[in-house]
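All residue numbers in this chain count up from 1 along the given sequence.
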Amino acid sequence: MKRKDAMKRMLLSVIAVVSMPALFAQALPVDTLQTSVTLGEVEVKGSTVVDKSDRKLFIPTSEQARQSANAVDLLQRMQMPELRVDMVNDAITLVDKGVLDIRINGRKATVYDLKGIDPGSVMRVEYHRNPSMRYGEVDAVVDFIVVQHKSGGSFYVEGKQAASGWGGYYANLKLNNKKSQFGVSGWYNPRRDFEMWRDNVENYKLPDGTAFTRTETGLPGRMDAPNYGFFLDYSYRKDDKMLLFAQLSASGGWNDRNEYNGIYANSLSAEKSKVSDLLHIQSFRPNLNVYWQYDIDKSKQIVVDLTASDYYSDSERSYATYEYIEGGSDGEELSSIFTRIKSNSYSLIANANYEQRFDAGRLTAGVRYLHGWGRNDYMTSRVIDKTRESDTRVYAEWWQPLGSSFDYQAGLSAVGRRFRIIGYDAVSTLDFIYSLRMRYKIGSYSTLRFNFTTETVSPTANELSQAVQDIDEYQKYRGNPSLKPYRRYIGELHYEYARGIFLGNLATTLRYTDNPVMEEKYWETGSDGGWYLLNTVRNQKYHSTFKVFANARVEAIPGWLTVGASFGWKHSVSRGWEYRHVMNKSVYADWSVVLSHWNFSLMYNGHTNSRDLWGETITGTENYQDIILSYKHKDLYVGVGIINPFMKNYNIPTENLNEFAGYDRKMHLTMAQNLAFVMLRYNIQWGRKQRDIEKRVNNVYEGGAVNATGK
């Protein structure tokens, strides 16, 4: 009865929001936000930005499109603030490491989808910094609005290769026939035989108060990370009212390998030992997506999106220590750990969305349902976890202008979740998620925005599992099946200024998480009477991050030189039941310089290490730079580049502040410094005529799988 009453309250709350348009049935100015936006609204001479209530429209110039090889290259040249485009490693991310969704005409996509898009087909790029509830719980959305051609076709191929085992290859074929489009694409990224090592200092405190330090001096190990994938898709549009899209895709990595070797020195003994730590993972993910969109009339639209996916992984970890013999072979084996986990997770996601525009505003409402099945086989410990998960989300949002300078958007989502590990009690929750976004235009060039949102985060399968995994001689990992979902509150204040060749943003953000699932370590007594340090997770007290950041883009020499930069500072507090940690020294920067003329382009991109505190661990990113010189002649694009040309000690730092087993660790990789490569791209097009085709919603499921735990 309680669950039925809760579901009734959920539906009544959402119905209240859906009924809001009746309260505002008065003739008010309507925002120019429509299902599509024509270029007739602006005169495209320079880098053009159109400010909307819920997003910004970045319209590429004809020169940017002409010099670009694909949509990823175009995005790099447009230098949208807050976005980091890594053309070397095929990645698009947020500067502040938030969750970014990439979409094409509203459907969820990947970088490899973007590579198959002709830059001349991109009408605009929409950037949602605080996206609608229909996108799910993400921090930002970048959506490429492109046209579909109704005849002819295109073939695009590219390759980049270094003298070492690093490279990337991609091909895409599109065929158009009246109302239909067929597409097939595939990629392969070789990543082989890179030398890697780590420098590691571990500080232990035993239950009896004895303290010691174990120092690991890294020796050369090996990293392999090859990956591949393909897409097969079909789209059909009838009478500009109905769109059907279907895509079958698969991706994976068959031989991911991280190998660390080193020499241990213990402060309690003069003797040394040698360590070998090897992680090997194979994975495969097939995915089927079917999307249907129907425009009832110019003001009403229905979207239905179905996604079925499967994810398989097989991970092995081998850890061993030996007596160290100076100048000789390894001595007697001192310890040995082997862990193997096979994971398989299935999911089915259905999303239905309805949108209607009124004279007074716009209503968006929908329902999203997810059901997931998971199986994790811990082969070495003979433990099998079977999981079942369901998630029902009903949401509604209302947007309305009040006068010519102010508008707001209010949303409510009711989420019912149920998660169960077979053999344990199910965890069921009912949550209400709120959002409020307000925009105030200060004159012709300035805008002030305030955003407040909440979100609920559910524990992962790895955090809930009670299977025990050995980490090293002293430590084990075990999840916690009694974990509960937790709430996060996000408030943002932005000031934006755009005029002529300058676009800038100054903002502050506060993220507060109540009872987050964070790490915990403590000593336990084993079955043999000995002590071991248990690494686990628990709903801790709170976590907060306050951030101040600024970004700007300026056309220093219009048509030739554009410079973009971002700067930020973070202050974080992580409060557990047994610890409190503060990080206030995290300063980061990101920059991009594009110089283009006479079909030549010179790009210089980089960012500094950005650190984040979560639980008791501070994780960092790398200091990174790349320089690419390219030339485009008609459909042929050639280039040369170098990664980290000014760096001699590439490393990614991680620090743990736990009083019983803290550490300071740096991972090194030789391929990430002074790596030179060549690039070749070629694009063939024939018989093309354009037809608009747009897609609005998509789904993805990332949960369910577990991999072997390492250090």
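Scanning for side chain to side chain donor-acceptor pair (under 3.5 Å) contacts around T110 gives D113, with sequence neighbours left out. With sequence neighbours left out, the salt bridge (Lys or Arg N to Asp or Glu O under 4.0 Å) criterion links E455 to R488.
Electrostatic pairing of R511 and D139 counts as a salt bridge here, judged by a charged N lying under 4.0 Å from a carboxylate O. Between D96 and R129, at least one side-chain N (NZ, or NE/NH1/NH2) sits under 4.0 Å from a carboxylate O, which counts as a salt bridge. Using a 4.0 Å cut-off between charged side-chain N and carboxylate O, E655 and R665 make no salt bridge. Between D51 and R449, at least one side-chain nitrogen of the basic residue sits less than 4.0 Å from a carboxylate oxygen of the acidic one, meeting the salt-bridge criterion. Salt bridge absent: R107 and D143 never bring a charged side-chain N and a carboxylate O closer than 4.0 Å. No salt bridge links K666 with D199; every basic N to acidic carboxylate O contact stays at or beyond 4.0 Å. A salt bridge links K56 to E496: one of the charged nitrogens lies within less than 4.0 Å of a carboxylate oxygen. Between E126 and R103 there is no salt bridge, since no side-chain N of the basic residue sits under 4.0 Å from a carboxylate O of the acidic one.
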### Task
Please test R368 against N351 for side-chain hydrogen bond (donor to acceptor under 3.5 Å, both in side chains), starting from the C-alpha separation and ending with a verdict.
CA-CA 4 Å; R368 180 180 186 269; N351 197 161; 4.6 Å; no
### Message
Apply side-chain hydrogen bond (donor to acceptor under 3.5 Å, both in side chains) to residues S630 and Y637 and explain how you reach the verdict.
### Response
CA-CA 7 Å; S630 63; Y637 176 106; 3.3 Å; yes
### Task
Let me see the working for R417 and S458 under side-chain hydrogen bond (donor to acceptor under 3.5 Å, both in side chains), right down to the final yes or no.
CA-CA 9 Å; R417 289 188 175 95; S458 297; 3.1 Å; yes
### Worked verdict on Y495 versus S446 for side-chain hydrogen bond (donor to acceptor under 3.5 Å, both in side chains)
CA-CA 7 Å; Y495 172 75; S446 301; 2.8 Å; yes
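R77 and S601 share a donor-acceptor pair across their side chains, judged by distance under 3.5 Å alone. At a cut-off of 3.5 Å, with distance as the only test, a side-chain donor of E82 or N505 sits close to an acceptor on the other residue. Inspection of the N353 and Y395 side chains reveals an N or O donor paired with an N or O acceptor under 3.5 Å.
Annotation for G168 and R191: closest pair N-NH1, 4.5 Å, computed over non-hydrogen atoms. Annotation for G615 and L613: closest pair O-CD1, 3.7 Å, computed over non-hydrogen atoms. Nearest heavy atom pair, residue L114 against residue N70, reads O-CB, 4.3 Å. H494 and A507 get closest at one heavy-atom pair: ND1-CB, 3.4 Å. Residues G564 and Q79 come closest through the heavy atom pair N-NE2, 3.7 Å.
Ring centroid separation for the pair F567 and Y588 does not come in under the 6.0 Å cut-off. The aromatic ring centres of F677 and W166 sit less than 6.0 Å apart. Centroid-to-centroid, the aromatic rings of H607 and W591 stay 6.0 Å apart or farther. Aromatic ring centres of Y650 and H668: separated by at least 6.0 Å.
Between the S574 side chain and the H581 main chain, no donor and acceptor come within less than 3.5 Å of each other. One N or O on the side chain of T621 and one on the backbone of S610 form a donor-acceptor pair closer than 3.5 Å. Without hydrogens or angle criteria, R437 side chain to P131 main chain gives a donor-acceptor distance under 3.5 Å.
Between E492 and the choices L510, T509, T453, T508, the side chain to side chain contact (heavy atoms under 4.5 Å, CB included) rule is met once, by T509.
Ring geometry for W569 against F546 counts as perpendicular: the plane angle is over 60°, on a 0 to 90° scale with 30° as the lower cut. Ring geometry, F646 versus Y604: the interplanar angle exceeds 60°, so the pair is classed perpendicular (tilted spans 30 to 60°).
For the ring pair (Phe, Tyr, Trp, His ring centres under 6.0 Å) condition, no pair includes a residue of residues 68-94, sequence neighbours left out.
Taking the ring centre of Y445 as origin, the terminal cationic atom of R499 falls inside the region bounded by 6.0 Å and 45° from the ring axis.
The closest side-chain heavy-atom distance from L363 to E355 is not below 4.5 Å.
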